[in-house]
Amino acid sequence: MDTSEVFVFALVLVIIVVSLLSNVLVLICFLYSPEIRKQAPGLFNLNLTFCNLLLTVANMPLTLAALARRAQPGGDALCQAAGFLETFLSTNSMLSMAALSIDRWVAVVFPLRYHSKMRHRDAALVLGYTWAHSMSFSVAATWLSWLGYHRLYASCTLAAPRASGRTQFVVFTVLFHSFTFLLSFVVLCVTYLKVLKVARFHCRRIDVITMQTLVLLVDIHPSVRQRCLEEQRRRRQRATRKISTFIGTFMLCFAPYVITRIVELFPAVPISPHWGTVSKCLAYSKAAFDPFVYSLLRHQYKKTCSDIVNRLLKRRSLNTVGRGFESQGSSIPRVE
């Protein structure tokens, strides 16, 4: 392998390790915390976590093997099964992100009716749609024999037929990415921009109340006044930063790969093999970003992780103290 191939190999390996550890941690938090389980968004996070874990365990190692061997990893049956999983899981994860954005939109725009609009039954119905949507494209690609090893991306995924069925494959590819990537991107933009609009409106109201309070408190210390003004600025920036992270990571990870797949439909346009594998790595990296973007950086997951760590440390300290007492008891001579 040359230098670029070694870099891509190392990048995929790092993505596998980070994705595996972070998604397992999200799963542990979900199983540990009753508060996370009873919330409807927890189902969307759980579905996204399972998709990321399966993609990490089933598809990424095959890409590593393909990069090392410079050939198809395993037989055709294995590669077709991996291609089916890759199509299903990538579609499901994109739609899960769109579902999470809809949940945030309902929670912010309709806070008083949120619990009646977004129940576990409603979340299950949304997840049912995401599974049916993802399964339909995956089954169609399998039925038409459009799954196999693609050398450009060093992975088992959608692959164009040799001669016959070229037009149908182009139509299928455009529809597939339109109803997965483009649809999810539009939903993310519409919902999160509405959330940002509401958040800025509330921030302006809070700022007006704060400024009126500061005017009334004439004798307030200048440092306290400065801290209040800084808190106002941080509050305004926090919502913008979060929404930019949601939409930005989605575009950064998926857009290069999807654009490359569309450009690939035009045979006259050459595509570098190195760029193909890098774009695939960027798509894989979303599985490593998602646990931090949607779960682990939230207060509830931070608190759950802290509780788990404290419980483990407390149990370890109790075991250490217990062993100390046992050793002291064994060292005391018996009186006969």
Side-chain angles (χ1 to χ4, degrees), residues 1 4-5 8-9 11-12 15-16 51-52 54-95 133-184 253-287:
M1 292 191 294
S4 59
E5 292 175 340
V8 174
F9 186 90
L11 181 60
V12 175
I15 292 172
I16 290 175
C51 290
N52 291 334
L54 285 176
L55 189 69
T56 303
V57 173
N59 289 88
M60 295 186 194
L62 291 180
T63 301
L64 274 182
L67 289 171
R69 297 175 51 187
R70 296 184 179 179
Q72 175 178 324
D76 292 337
L78 175 63
C79 201
Q80 289 176 2
F84 176 88
L85 270 179
E86 194 264 348
T87 305
F88 174 80
L89 294 174
S90 60
T91 304
N92 204 336
S93 62
M94 289 186 192
L95 295 177
H133 185 124
S134 306
M135 189 66 69
S136 62
F137 280 102
S138 305
V139 170
T142 305
W143 180 264
L144 295 170
S145 301
W146 289 342
L147 296 174
Y149 178 69
H150 203 307
R151 189 178 299 275
L152 179 63
Y153 307 103
S155 61
C156 298
T157 181
L158 285 173
R162 294 292 182 180
S164 62
R166 175 75 184 181
T167 304
Q168 291 86 345
F169 179 79
V170 171
V171 173
F172 176 84
T173 303
V174 172
L175 289 177
F176 172 63
H177 291 298
S178 298
F179 284 97
T180 54
F181 170 77
L182 186 59
L183 176 64
S184 301
C253 295
F254 288 127
Y257 177 70
V258 173
I259 293 174
T260 306
R261 295 305 308 244
I262 298 299
V263 172
E264 183 193 357
L265 299 176
F266 303 93
V269 181
I271 301 176
S272 170
H274 298 306
W275 169 248
T277 53
V278 168
S279 66
K280 190 65 179 179
C281 289
L282 288 175
Y284 281 156
S285 66
K286 195 67 174 70

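Residue numbers count from 1 along this sequence. Quick note: numbers below take in every heavy atom, side chains included, and nothing from hydrogens, waters or symmetry partners. Just so it is clear, the structure is predicted and the values come from calculations on it, not from any experiment.
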Hey, does the side chain of [X] reach the backbone of [Y] with a donor-acceptor pair shorter than 3.5 angstrom?
{"X": "Arg261", "Y": "His177", "answer": "no"}
{"X": "Asn59", "Y": "Ala82", "answer": "yes"}
{"X": "Gln72", "Y": "Gly74", "answer": "yes"}
{"X": "Ser138", "Y": "Phe88", "answer": "yes"}
{"X": "Thr277", "Y": "His274", "answer": "yes"}
{"X": "Gln168", "Y": "Val171", "answer": "no"}

With a sphere of 6.0 Å drawn around CZ of Phe84, does it hold more than 12 non-hydrogen atoms of other residues, nucleotides or ligands? yes

For [X] against [Y], the heavy-atom pair lying closest together:
{"X": "Glu5", "Y": "Arg70", "result": "OE1-NH2, 2.6 Å"}
{"X": "Cys281", "Y": "Leu11", "result": "CB-CD2, 3.8 Å"}
{"X": "Val57", "Y": "Pro61", "result": "O-CG, 3.3 Å"}
{"X": "Leu78", "Y": "Pro73", "result": "CD2-O, 4.0 Å"}
{"X": "Ala154", "Y": "Leu67", "result": "CB-CD2, 3.8 Å"}
{"X": "Tyr149", "Y": "Ala159", "result": "O-CB, 4.4 Å"}

Answer yes or no: is there a side-chain heavy-atom contact under 4.5 Å between [X] and [Y]?
{"X": "Ser184", "Y": "Leu95", "answer": "yes"}
{"X": "Leu265", "Y": "Phe169", "answer": "yes"}
{"X": "Tyr257", "Y": "Leu282", "answer": "no"}
{"X": "Leu147", "Y": "Thr157", "answer": "no"}
{"X": "Val278", "Y": "Trp275", "answer": "yes"}

Tyr153 and Glu86: side-chain donor and acceptor closer than 3.5 Å? no

What is the distance from atom [atom1] of [X] to atom [atom2] of [Y], rounded to the nearest 0.5 Å?
{"X": "Ile16", "Y": "Leu64", "atom1": "CD1", "atom2": "CG", "result": "4.0 Å"}
{"X": "Ile271", "Y": "Ile259", "atom1": "CD1", "atom2": "CD1", "result": "11.5 Å"}
{"X": "Ser93", "Y": "Phe254", "atom1": "OG", "atom2": "CZ", "result": "4.5 Å"}
{"X": "Leu54", "Y": "Leu85", "atom1": "CG", "atom2": "CG", "result": "7.0 Å"}
{"X": "Thr142", "Y": "Gln80", "atom1": "OG1", "atom2": "CD", "result": "7.5 Å"}
{"X": "Thr56", "Y": "Ile15", "atom1": "OG1", "atom2": "CD1", "result": "9.5 Å"}

Quick one: sort the His133 and Phe137 rings into parallel, tilted or perpendicular, breaks at 30° and 60°. tilted

